[in-house]
> 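Have a look at this one before I ask anything.
We're numbering straight along the sequence, starting at 1. Excluded from the calculations below are hydrogen atoms, water molecules and symmetry mates; all remaining heavy atoms, backbone and side chain alike, are included.
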Amino acid sequence: MVLFFFLLMVTTYANAHGHSKKPEEITQGVYGAAAAVAAGPGGTFDITKLGAVGNGRADSTGAVMAAWRSACAGAGKQTILIPKGDFMTGAMELRGPCNGAVTIQLDGNLLGSNDLSKYPGKKMPNWVEVRHVDNFVISGKGKLDGQGPGVWSKNSCAKNYNCKLLPNTLVLNTVNNGVVSGITLLNAKFFHMNIYRCKDIKISGVTINAPGDSPNTDGIHMGDSSKITIAATTIGTGDDCISIGPGTDGVNITGVTCGPGHGISIGSLGRYKDERDVRDVSVTRCVLRKTTNGLRIKSYEDSVSPVTVSKVSYDGVVMDHVDNPIIIDQKYCPNSICTSKGDSKVSVRDVTFRNITGSSNTPAVVQLLCSGKLPCSGVAMQDVRVLYGGSDKKTTAVCDHALGKSTGCLKELACL
């Protein structure tokens, strides 16, 4: 009531003195003034003290943005508190650079509005985008709920590759030294998390959940980024649990449980010009459960970029009824958009599969489908022991144009 009365007085004063302002300018000014009052000890900004209402219906975008502006402007450690409750918002661009280190303490839940007009102006819209910020943390036991079921029917990307994209949930764009810890990302409209042009990002203890048939709901996607760690995280989605895009190096994935979903993927690669190499990827002590793919490297058959994938290590991974446990696919062609006569320009070399165990839903446990003109090289399979559990129990492997060595594997899988 106080905030409403103050807004009414400001509007009346401005009109009476001939200085009319747009409603959003007045609202930002009021929220900004209130933010100074809302700041608690140590630079803590509670969004409920800025007018946010946690009933799941009221639009709390303005309150969160006011808290961000004040926290980003403050020196030292600043905290934005999302207390218990359900706070609905539209698109929020949390832009830096900031004067200090900002933490979002997510104790309650943020809900992404299903009014798509609240995500304007971008070919790839985002819900929560952290942009040009160093020393950023988002942690807590709360949720980022994209409320995807309300709009998934508007996703036509399975039929049209030039489709209009729905909003990603959490985007880290040009963030250095970032931490995402403890939170849950639920039912994204599109990707749950997208990491772009970032360095030194640590993701731990995170839960990502969406139904297995939800469209394009990748768990964590990354590109043009370095030194990315994902640990002790559980991901179940309708697409890749983790996808590693062009220009990424220094990735450490450990203790991740994936399923449902499309597995842990490098790629797809080669679709666009000027893509950069992928290197130094380590996947250890992970479990893939009832996924359509396990460990996958995929590139377009008619790729346009000369990209190299190198120094990739998979170690201690357990397959639990996975459809395609180990697959390198240099003939990837979704929606039949490729030219089958195309020559791949993507090189795959120095890839190790070590201590891979468990069960497959299909006979072809290993599929190394490399290009005849650009074979995979330096591929090593050590102690790969995954069995097909079908009635005929015929476990097989295919190694096309793959150069390397098999040691300690099941004899049916020693195709190198």
> Provide the closest heavy-atom pair for G294 versus V322 in the form atom of the first, atom of the second, distance.
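Reported closest heavy-atom pair: N-CG1, 3.6 Å.
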> With rounding to the nearest 0.5 angstrom, report the SG to CG distance, C376 to L403.
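It is 8.0 Å, given to the nearest 0.5 Å.
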> Please determine whether side-chain contact (heavy atoms from CB on, under 4.5 Å) holds for the pair V175 and I195, giving the CA-CA distance in whole Å, both sets of side-chain angles, and the decisive distance to 0.1 Å.
CA-CA 9 Å; V175 172; I195 300 168; over 6 Å; no
> Give a yes-or-no answer on whether the side chains of T169 and H192 include a donor-acceptor pair shorter than 3.5 Å.
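On atom types as modelled, these side chains do not qualify, holding no pair under 3.5 Å.
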> Could you go through the side-chain hydrogen bond (donor to acceptor under 3.5 Å, both in side chains) check for N176 and D134 one step at a time?
CA-CA 5 Å; N176 297 315; D134 295 343; 3.2 Å; yes
> To the closest 0.5 Å, what do you measure between CD1 (I104) and OG (S139)?
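Between atom CD1 of I104 and atom OG of S139 there are 9.5 Å.
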> Considering residues, nucleotides and ligands other than R131, do more than 12 of their heavy atoms fall under 6.0 Å from its CZ?
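Atom CZ in R131 is packed in, count exceeds 12.
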> Just wondering, do T234 and V256 contact through their side chains at under 4.5 Å, heavy atoms?
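With C-beta onward as the side chain, the pair stays apart.
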> Check whether any side-chain N or O of S305 sits under 3.5 Å from a backbone N or O of D274 as a donor-acceptor pair, and report yes or no.
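Yes: the side chain of S305 pairs with the backbone of D274.
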> Could you give me the CA-CA distance, side-chain angles and deciding distance for D323 and N293, then say whether side-chain contact (heavy atoms from CB on, under 4.5 Å) is met?
CA-CA 6 Å; D323 288 354; N293 300 287; over 6 Å; no
> Could you report the tightest heavy-atom contact between N168 and N126, atom names first, then the distance?
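Scanning both residues, the minimum pair turns out to be ND2-OD1, 2.9 Å.
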> Taking the side chain as every heavy atom from C-beta outward, state whether N194 and L172 have any atom pair closer than 4.5 Å.
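They are not in side-chain contact.
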> Starting at CG of D249, measure out to NZ of K311 and round the result to the nearest 0.5 Å.
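Interatomic distance, D249 CG to K311 NZ, rounded to 0.5 Å: 10.0 Å.
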> Got a second to check how far R279's CZ is from S226's OG, nearest 0.5 Å?
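Result: 9.0 Å between the selected atoms.
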> I'd like to know if the side chain of T237 pairs up with that of D239 as donor and acceptor (distance under 3.5 Å, no hydrogens or angles considered).
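No, D239 and T237 have no side-chain donor paired with an acceptor closer than 3.5 Å.
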> Just verifying a value: how many Å separate Q78 CD and T103 OG1, rounded to the nearest 0.5 Å?
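Nearest 0.5 Å value for the CD-OG1 distance: 9.5 Å.
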> Between K118 and D59, is there a salt bridge with N-O shorter than 4.0 Å?
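K118 and D59: salt-bridged.
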> Grab the two heavy atoms, one from G238 and one from T217, that are nearest each other, plus how far apart they are.
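Answer, listing the atom of G238 first, then T217: N-OG1, 2.9 Å.
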> For the CD1 atom of I235 and the CG atom of N209, what is their distance to the nearest 0.5 Å?
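Answer for the CD1-CG pair, I235 versus N209, is 10.0 Å.
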> For the cysteines C399 and C415, is the SG separation below 2.5 Å?
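The answer is yes, since C415 and C399 bring their SG atoms under 2.5 Å apart.
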> One pair to check against side-chain hydrogen bond (donor to acceptor under 3.5 Å, both in side chains): S113 and D115. What are the steps and the verdict?
CA-CA 5 Å; S113 172; D115 179 355; 5.2 Å; no
> Return yes if some donor-acceptor pair links the side-chain N/O of S359 with the main-chain N/O of H321 below 3.5 Å, else return no.
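Yes, because the side chain of S359 sits within donor-acceptor range (under 3.5 Å) of the backbone of H321.
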> For the side chain of S265 and the backbone of G267, is there at least one donor-acceptor N/O pair under 3.5 Å apart?
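A pair under 3.5 Å: no.
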> For the backbone of I242 and the side chain of D240, can you confirm whether one donor and one acceptor N or O come within less than 3.5 Å of each other?
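Flag not set: sc D240 to bb I242 has no pair under 3.5 Å.
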> Please work out which of the three classes, parallel, tilted or perpendicular, describes the rings of Y300 and Y332, given edges at 30° and 60°.
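The arrangement is perpendicular - the two ring planes meet at more than 60°.
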> Checking T89 against W127 for the side-chain hydrogen bond (donor to acceptor under 3.5 Å, both in side chains) test, could you report, in this order, the C-alpha distance in whole Å, the side-chain angles of both residues, the deciding distance, and whether it holds?
CA-CA 8 Å; T89 80; W127 173 26; 2.8 Å; yes
> With a 4.0 Å cut-off on N to O distance, would you call D315 and R354 a salt bridge?
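Yes, charged N to carboxylate O under 4.0 Å.
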> Grab the two heavy atoms, one from C409 and one from S406, that are nearest each other, plus how far apart they are.
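Where C409 meets S406 most closely, the heavy atoms are SG-CB, 4.3 Å.
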> Side chains of N187 and P211: closer than 4.5 Å at any heavy-atom pair?
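N187 vs P211: side chains touch.
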> When you measure from the side chain of Q105 to the backbone of I82, do you find a donor-acceptor pair of N or O atoms at a distance under 3.5 Å?
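No, the answer is negative, given that no donor and acceptor are paired below the 3.5 Å cut-off.
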> Under the 3.5 angstrom rule, does the side chain of T61 hit a backbone N or O of G90 as a donor-acceptor pair?
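Flag set: sc T61 to bb G90 pair under 3.5 Å.
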> Side chains of K143 and L186, heavy atoms from C-beta outward: is any pair under 4.5 Å?
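In short, these two side chains touch, coming nearer than 4.5 Å.
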> Can you name the closest pair of heavy atoms from I80 and A71 and give their distance?
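Residues I80 and A71, closest heavy atoms: CG1-CB, 3.9 Å.
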> With heavy-atom distances below 4.5 Å as the criterion, would you say the side chains of T229 and I201 are in contact?
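Of all side-chain heavy-atom pairs linking I201 with T229, none is under 4.5 Å.
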> Give a yes or no answer on whether the side chain of K189 reaches the backbone of G112 with a donor-acceptor pair at less than 3.5 Å.
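Such a contact is found between K189 side chain and G112 backbone.
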> Side-chain contact test, heavy atoms from C-beta onward, threshold under 4.5 Å: evaluate it for M319 versus L295 and give yes or no.
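A side-chain contact exists here, since the closest heavy-atom pair is under 4.5 Å.
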> If you look at every heavy atom in V278 and P246, which pair is closest and at what distance?
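Closest heavy-atom pair between V278 and P246: CG2-CA, 3.9 Å.
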> If only atom types and distance count, is the side chain of D218 paired as donor or acceptor with the main-chain N or O of I220 below 3.5 Å?
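No; zero donor-acceptor contacts below 3.5 Å.
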> Report yes if the side chains of S313 and V281 come closer than 4.5 Å at any heavy-atom pair, otherwise no.
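Result no, sub-4.5 Å side-chain heavy-atom pair not found.
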> Whether the side chain of E129 engages the backbone of E93 through a donor-acceptor N/O pair (distance < 3.5 Å, no angle test) should be reported.
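Answer holds: no.
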> Ion pair present between D224 and R276, side-chain N to carboxylate O less than 4.0 angstrom?
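Counted as a salt bridge, because a side-chain N and a carboxylate O are separated by less than 4.0 Å.
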> Pairing donors with acceptors under 3.5 angstrom, does anything connect the side chains of N324 and Q367?
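N324 vs Q367: donor-acceptor pair found between side chains.
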> Taking atom types as modelled and ignoring hydrogens, do the side chains of T174 and R197 form a donor-acceptor contact shorter than 3.5 angstrom?
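Short answer, no.
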> Against N109, only a single residue in T184, D86, D145 fulfils side-chain hydrogen bond (donor to acceptor under 3.5 Å, both in side chains); can you say which?
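The residue from T184, D86, D145 that satisfies side-chain hydrogen bond (donor to acceptor under 3.5 Å, both in side chains) with N109 turns out to be D86.
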> Determine whether V128 and V171 satisfy the following criterion, side-chain contact (heavy atoms from CB on, under 4.5 Å), listing intermediate values before the conclusion.
CA-CA 6 Å; V128 182; V171 176; over 6 Å; no
> Any donor-acceptor pair under 3.5 Å linking the side chain of T79 with the backbone of T44?
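Side chain of T79 to backbone of T44, a donor-acceptor pair under 3.5 Å: no, none is there.
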> Indicate yes or no: at least one non-hydrogen side-chain atom of V317 is less than 4.5 angstrom from one of N355.
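No, side chains not in contact.
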